[in-house]
Structure formats: structure tokens, C-alpha cells
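Bear in mind that the values here come from a model prediction, so they are computed numbers and not experimental data. Numbering of residues begins at 1 and proceeds along the displayed sequence.
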Amino acid sequence: MRATFRARLRILLGIIGLIALLLVARLYFVQIVNGSEYALRADRQYLSQSQALFDRGSIYFTRQDGTLISAASLGRGFLLSLNPSKIKDAEAAYQALSALTPLDHDAFIAAATKPHDVYEEVAHRLPEDVGTRIAALKIPGVSPLRERWREYPGGALAAQSIGFIAYNGGDTLAGRYGLERYYDDTLARDNGSLYQNFFAQLFANLGNALVDARASRQGDIETTIEPQVQAHLEDDLKAVQAKYASRETGGIIMNPATGEIIALGATPGFDLSDFQNGNAEHFGNPLVSSVYEFGSIMKPLTMASGIDAGVVTPSTTYNDTGCIEVNGSKICNFDLKARGVVPMQEVLSQSLNVGASYIATRLGPDRFRTYFTSLRFGEETGIDLPSEIHGITGNLKSPRQLEYDNMSFGQGIAETPVEMIRALGTLANRGSMVTPHLARAIRLDSGITKTLDWGEPVPVFKPESAQAVTQMLTQVVDTALAHGAKKIPEMSVAAKTGTAQMAAPGGGYYANEYFHSFFGYFPSYSPHFIILLYTVKPQGVQYASETLTDTFADLVHFLVSYYGVPPDRANENNP
């Protein structure tokens with residue numbers, strides 16, 4: 001009997017403990033997680049009975065010290081509503097209200113004197129103090145109501161990546177571009193959720209918190225975008241755009257080991273705070289939705305493929321004749337000049353098309369195709385931005401050697417900028433490919449922060465192959481780029497320029513229209529950052545070394561200083 005009694009007592013105590021735990025959990029969700037929302041709902045005098053308050057999760061930039069900075073959030077204040085049927089003296093009401101906030105006289109009087117009308121809105125986004133002062137006037141027929149709206153404190157900063165919300169074919173606000181659209185299901189809010197059944201809401205929240213955080217669709221987005229770096233990149237891009245009157249200029253800064261994008265942008269852009277007056281052509285993100293032939297920054301990948309396959313080594317030599325004929329077509333160096341017998345280093349240092357073609361021929365179509373397919377050219381990267389497209393890689397199916405020779409130096413194959421930096425990142429990440437991304441974590445409404453998993457790096461080249469090309473690219477900066485003027489004595493930097501002719505409609509290339517690109521990473525043997533820059537149709541210049549070298553150097557020096565990247569030259573011989 002005593003054993004039975006003790007068992008029943010334990011069960012009773014367990015039930016009481018469980019109820020206590022549920023009540024504590026409920027208090028946590030009411031007071032902490034949803035506390036501000038319940039407090040707002042309790043303030044009934046300022047709430048419209050017919051309209052739900054707009055609600056949406058926030059998007060944050062992340063500073064290099066981990067501090068979160070708002071990129072998209074909720075603005076809070078009041079709207080000014082009128083009940084014309086209760087307003088006795090419209091002019092007197094106007095005089096009293098206009099003393100507190102600017103109002104258009106004629107529009108106010110027209111709204112306040114509509115016969116048989118019971119609701120008009122005459123002002124929006126009034127500050128908190130103005131709303132409470134209007135309420136204190138107690139003017140019949142005048143009501144300040146709580147209002148919330150989307151705010152973008154950064155204005156134009158990372159606008160194409162953040163995106164904005166707008167009415168989507170009806171009366172529902174939804175994400176239309178950028179992260180706002182990609183993570184719309186996470187950021188969106190159900191205003192009725194606060195009035196769910198007590199236990200239904202409690203157990204749902206507990207389920208999310210204790211079982212599987214993925215079940216929650218409500219939270220804030222923490223991005224990897226560093227606002228200071230983003231601002232510096234955008235300033236540099238605008239400077240290039242203005243100096244060379246380019247059609248478009250863009251750039252990406254990424255951590256090659258993780259795929260975290262620290263900054264990305266393109267100009268022309270627009271201001272999120274005034275997107276209604278922006279140019280809709282610039283709302284999309286060309287870094288994921290436009291493809292380009294990148295030119296000679298493809299050569300390091302061709303070189304890595306050749307070294308990895310064992311058909312060349314950094315010391316391999318070939319006879320550079322300036323031009324060669326392949327399948328009845330000519331392939332020439334940019335200056336048409338022959339170099340004679342030179343090593344592979346000169347293919348990168350002097351950017352020799354004939355040398356890249358030599359590697360492609362040694363590889364042959366099948367091995368070339370295998371490596372470039374492994375680099376996932378022609379596939380979307382999976383970056384968390386909407387409207388991503390994949391590159392154009394039809395020439396990888398060609399039976400002719402000519403197409404492979406052309407692709408070896410970046411012509412006849414087109415990629416998005418984010419697709420290109422993903423591929424080039426393999427050289428900086430010991431031969432392995434990562435997934436570029438902008439979101440680091442989701443701060444769930446349950447109070448849990450869920451770190452996003454972007455998968456493991458995928459090997460493409462052997463580590464020693466990537467290292468060999470890294471050494472060659474470091475020598476490019478030390479001796480060839482601006483004749484060695486951009487070398488940093490304390491810091492190893494690997495980089496390469498690219499100049500490609502612009503494709504003409506119907507086939508062929510324009511003679512005097514160019515696409516310039518530049519990529520590099522540092523420190524060379526343990527990179528913190530990889531940078532990709534491009535500018536489309538710059539005027540008055542032919543080569544990327546003229547347009548983008550100084551911009552790249554400026555970004556390197558800024559990042560070294562801002563992040564305190566330690567010098568590495570002392571360890572360069574033992575990478």
C-alpha cells in the first residue's frame with residue numbers, strides 16, 4: 001500500500017511540476033517574447049478596431065565585433081484619422097492640429113467636411129510624442145491611431161540585397177526583392193497569433209523551442225553584411241562608375257572559407273527609403289541575375305585544372321607564337337605579340353591567351369569539361385537571394401577544341417558574379433568550394449537563435465594544386481601588377497585582372513566595348529577575404545588594370561586596417 005501511495009504521490013507531484021513549468025513557460029512567452037506586443041494591444045485607445053497593426057521581423061547587418069545594426073525594422077508612431085460626422089468646426093480643428101504637425105490645409109478641410117463619412121486618414125507616420133499630444137487635445141472626431149511601417153535606416157546601403165516590401169497584387173504587403181523576398185515566410189507575421197488558444201500557443205512555442213526550431217516561420221534575419229565594409233565598397237564602386245562612365249559597376253567581398261558575404265553591391269542602385277521614386281530597372285540584383293563573360297580571371301582556374309590533372313606544372317614551358325589557329329579560327333594574345341619559350345607563370349603574369357589555350361589543348365575537351373563542371377559553372381549557387389539565374393555554358397558540349405580554348409581565357413562562357421566568385425574561391429580555400437550566403441542566423445520568436453547550416457565545402461582541386469596557383473597569383477601582384485607597385489611588403493596578396501570583349505547580338509564581339517574584372521584574396525596562404533570587382537563598358541580605357549587595380553588595392557588596405565589582419569610575409573615560404 002505504501003509503495004502504491006508513494007507512486008501516486010510521485011505522479012501527482014510530477015503533474016503539479018509540469019503545470020508549474022507550463023505556467024512559467026507561458027509567462028516567458030507573454031512577458032518576454034511577446035511582451036511589447038501585448039502591451040501595445042492593451043493600449044486600446046490608440047488602436048483601430050477594423051485594422052490590424054502591420055508586423056514583420058527585422059533584418060540586421062552584423063558589425064565585425066558582432067554588434068547587430070538594423071537594416072530593416074518596424075517604425076512605430078501614429079496615423080491621424082478623422083470622423084467627419086463628428087467634427088463641428090473643421091477650420092478650428094485644422095488650426096489646433098497644424099500647430100503640432102504639418103498638414104495640407106485644403107486636403108484636411110476636404111476630408112473633414114465630407115458628408116456622411118465616418119473615417120478618413122489625413123496624416124501618417126507621426127512621432128510618438130505628436131500622437132500623444134494630439135490625443136490630449138480631445139478634439140471630437142479626431143483620433144490618433146497606432147501605426148507601424150517598414151523602415152530602412154541604411155537608406156541606399158545594400159539596397160539591392162536587402163530589398164523592400166510592397167503590395168503584391170492585392171492588399172497584402174510582402175517582400176518583393178532581396179532578402180525581404182527570399183525570407184518572406186520567416187519575416188512575415190500573423191497578427192492573429194496573439195489570440196490563439198492558450199494551450200495551443202503554449203505547446204506550439206514549446207515544440208519549436210524544444211523539438212525542432214525549423215518549425216518556426218517567424219523570426220529576425222541576422223546577415224553577414226558588415227555595414228562599414230559595405231559602405232566602403234559602395235563608395236569605391238561609385239567612384240569607378242563616375243570616372244569611367246560605365247554602364248554598371250559591381251563587387252563582392254566574401255570569406256572564402258565559409259561563403260559568408262561581407263559586402264556586395266552594384267551601381268546604379270536606389271534608396272530603400274524612397275524606392276517609390278527609384279528606377280525599377282535597378283531594383284533587381286545583377287550580381288545574381290545577370291551573366292557576363294569575365295575574361296582573363298578565368299585563367300587561374302584553367303591553370304589549376306591543368307596542374308591538378310598533371311598536364312602542366314608551374315615550371316612547364318611552351319613556345320608562345322602570339323597567335324595560333326584552332327579549328328580554322330585564330331586565337332591571339334591581347335597584343336598579338338609572341339613571347340617565345342616562356343614558363344606557365346607568364347600565362348598569368350602577362351595574361352597570355354595562347355598560353356591558356358595551350359593548357360586547354362593539353363587537357364582535352366573531356367578533362368576540361370570535367371573540371372569546369374566540377375566548378376559548377378552553369379548551376380545556380382544557392383545564394384539566399386531571389387531571381388538567381390545560372391551561367392551560360394553551352395560550349396562545354398562542343399566537340400571542337402576551339403570552344404575550350406576560348407573558354408580557357410574567359411570568352412564563350414558566361415557566369416553571374418556570384419557564380420564566378422564561388423568558383424574562384426576554390427583557389428583561396430585550398431581547392432574546396434563553399435556556398436555564398438548573406439544570412440548567418442534566424443532569431444526565432446521563441447527566443448532561440450538558430451544558426452543556419454550552409455553545408456560542407458566540396459573539393460574541386462587538390463590542396464597542393466590550389467596552393468601552386470596561389471603562389472603564381474602572388475607573384476603576379478609582387479612583380480607584374482602595376483610593375484610591382486601594388487605589392488604590400490608585409491602582406492601576401494594573390495590577384496588577377498580580366499578584360500573581355502563584349503558579346504554582340506547575333507554572334508561575334510564588339511571591337512571597342514569591354515567588360516573589366518578583377519579578383520584577388522589575402523593573405524594569400526590563409527585568406528580572410530576574396531574580392532571580385534567588375535565594370536561594364538567603361539569609356540576611354542581598354543584594360544581592367546587601368547580601371548580596377550587602384551580600387552582593389554584600396555579595399556585591401558581598408559580591410560587590413562579595419563579587421564586588423566596580421567602580416568604574413570614572415571611565413572610566406574611555409575604556407
Side-chain angles (χ1 to χ4, degrees), residues 226 228-244 246 248-256 261-267 287 292 294-301 348-351 410 417-418 420-425 427-428 469-470 472-500 514-525 527-536 538 541-563 565 567-568:
E226 213 291 341
Q228 289 294 108
V229 179
Q230 179 72 32
H232 197 95
L233 173 64
E234 290 185 9
D235 287 345
D236 277 357
L237 297 178
K238 290 174 184 175
V240 172
Q241 183 82 355
K243 184 174 182 179
Y244 298 105
S246 300
E248 174 187 308
T249 303
I252 308 174
I253 302 174
M254 185 180 81
N255 181 330
I261 291 179
I262 313 303
L264 77 167
T267 186
L287 298 164
Y292 311 94
F294 274 84
S296 293
I297 64 171
M298 189 69 77
K299 287 171 182 168
L301 295 172
L348 300 183
S349 293
Q350 297 190 54
S351 201
V418 72
M420 196 67 196
I421 199 171
R422 175 181 66 173
L424 292 167
L427 303 176
V469 177
T470 293
M472 298 172 79
L473 291 173
T474 302
Q475 187 170 335
V476 170
V477 174
D478 288 349
T479 63
L481 185 65
H483 304 291
K486 299 303 178 182
K487 176 182 178 179
I488 302 177
E490 303 80 16
M491 179 78 65
S492 62
V493 179
K496 178 75 182 76
T497 64
T499 302
Y514 300 97
F515 178 91
H516 291 180
S517 60
F518 197 118
F519 99 99
Y521 48 93
F522 68 94
S524 296
Y525 305 104
H528 292 214
F529 306 100
I530 181 171
I531 301 170
L532 174 69
L533 303 170
Y534 71 90
T535 189
V536 183
V541 287
Q542 184 172 352
Y543 301 116
S545 57
E546 301 172 88
T547 56
L548 297 173
T549 297
D550 288 343
T551 301
F552 175 79
D554 175 73
L555 287 168
V556 170
H557 286 286
F558 168 75
L559 290 167
V560 168
S561 175
Y562 187 61
Y563 283 89
V565 180
D568 74 323

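- Looking at residues two or more places apart in sequence or on another chain, you find a side chain to side chain contact (heavy atoms under 4.5 Å, CB included) between Thr249 and Leu237, Val240, Gln241, Ser246, Thr267, Thr535.
- Side-chain contact between Leu473 and Ser524 is absent, with no heavy-atom pair separated by less than 4.5 Å.
- With values rounded to the nearest 0.5 angstrom, Ile531 atom CD1 is found 11.5 Å from Leu548 atom CG.
- A heavy-atom distance below 4.5 Å is found between the side chains of Glu226 and Tyr562.
- In this structure, the side chains of Ile421 and Phe519 stay at 4.5 Å or more apart for every pair of heavy atoms.
- The two atoms that bring Leu532 and Pro417 nearest to each other are CD2-O, 3.2 Å, heavy atoms only.
- For Phe294, the ring-ring contact (aromatic ring centres under 6.0 Å, His included) partners are Phe515, not counting sequence neighbours.
- For Thr547, the side-chain hydrogen bond (donor to acceptor under 3.5 Å, both in side chains) partners at least two apart in sequence or on another chain are His516.
- With sequence neighbours excluded, the residues satisfying ring-ring contact (aromatic ring centres under 6.0 Å, His included) with Phe522 are Phe529.
- Every residue two or more places apart in sequence or in another chain that forms a salt bridge (charged side-chain N to carboxylate O under 4.0 Å, His left out) with Lys486 is listed here: Asp550.
- Side-chain contact between Tyr543 and Thr497 is absent, with no heavy-atom pair separated by less than 4.5 Å.
- Taking CG of Asp554 as the reference point, atom OG1 of Thr549 lies at 12.5 Å (rounded to 0.5 Å).
- Side-chain contact between Met254 and Arg422 is absent, with no heavy-atom pair separated by less than 4.5 Å.
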Practice item. Go through Phe552 and Val477 one step at a time and tell me if the side chain to side chain contact (heavy atoms under 4.5 Å, CB included) criterion holds. Key: CA-CA 11 Å; Phe552 175 79; Val477 174; 5.6 Å; no
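- Every side chain to side chain contact (heavy atoms under 4.5 Å, CB included) that Ala263 has, sequence neighbours left out, goes to Val229, Gln230, Leu233, Ile253.
- Of all heavy-atom pairs spanning Tyr514 and Gln542, the tightest one is OH-NE2, 3.4 Å.
- To the nearest 0.5 Å, the span separating NE2 on His232 from CD1 on Ile262 amounts to 15.0 Å.
- Tyr292 OH to Met420 CE: the interatomic distance, rounded to the nearest 0.5 Å, is 14.0 Å.
- Residues forming a side-chain hydrogen bond (donor to acceptor under 3.5 Å, both in side chains) with Thr551 (at least two apart in sequence, or on another chain): none.
- Sorted by first and then second residue, the salt bridge (Lys or Arg N to Asp or Glu O under 4.0 Å) pairs involving residues 231-240 (not counting sequence neighbours) form an empty list.
- Remark: Ser517 pairs with no residue by the side-chain hydrogen bond (donor to acceptor under 3.5 Å, both in side chains) rule, at least two apart or across chains.
- Judged purely by atom type and a 3.5 angstrom limit, Thr470 has no side-chain atom pairing as donor or acceptor with the backbone of Tyr525.
- Ser351 has its side chain within reach of Lys496: a pair of non-hydrogen atoms, C-beta onward, lies under 4.5 Å apart.
- Inter-residue side-chain proximity for Pro300 and Leu348 is flagged as met; some heavy-atom pair is nearer than 4.5 Å.
- Of all heavy-atom pairs between Pro523 and Met491, the closest is CG-SD, 3.5 Å.
- Across every non-hydrogen atom of Gly425 and Pro256, the tightest pair is O-CB, 4.3 Å.
- Nearest approach of Ala544 to Gly498, heavy atoms of both residues: CB-O, 3.1 Å.
- Within the 4.5 Å cutoff, the side chain of Leu559 has no heavy atoms near those of the Val565 side chain.
- Shown here are the side-chain hydrogen bond (donor to acceptor under 3.5 Å, both in side chains) partners of His528, two or more places apart in sequence or in another chain: there are none.
- Between the CG atom of Leu287 and the CD1 atom of Ile252 there is a distance of 5.0 Å, given to the nearest 0.5 Å.
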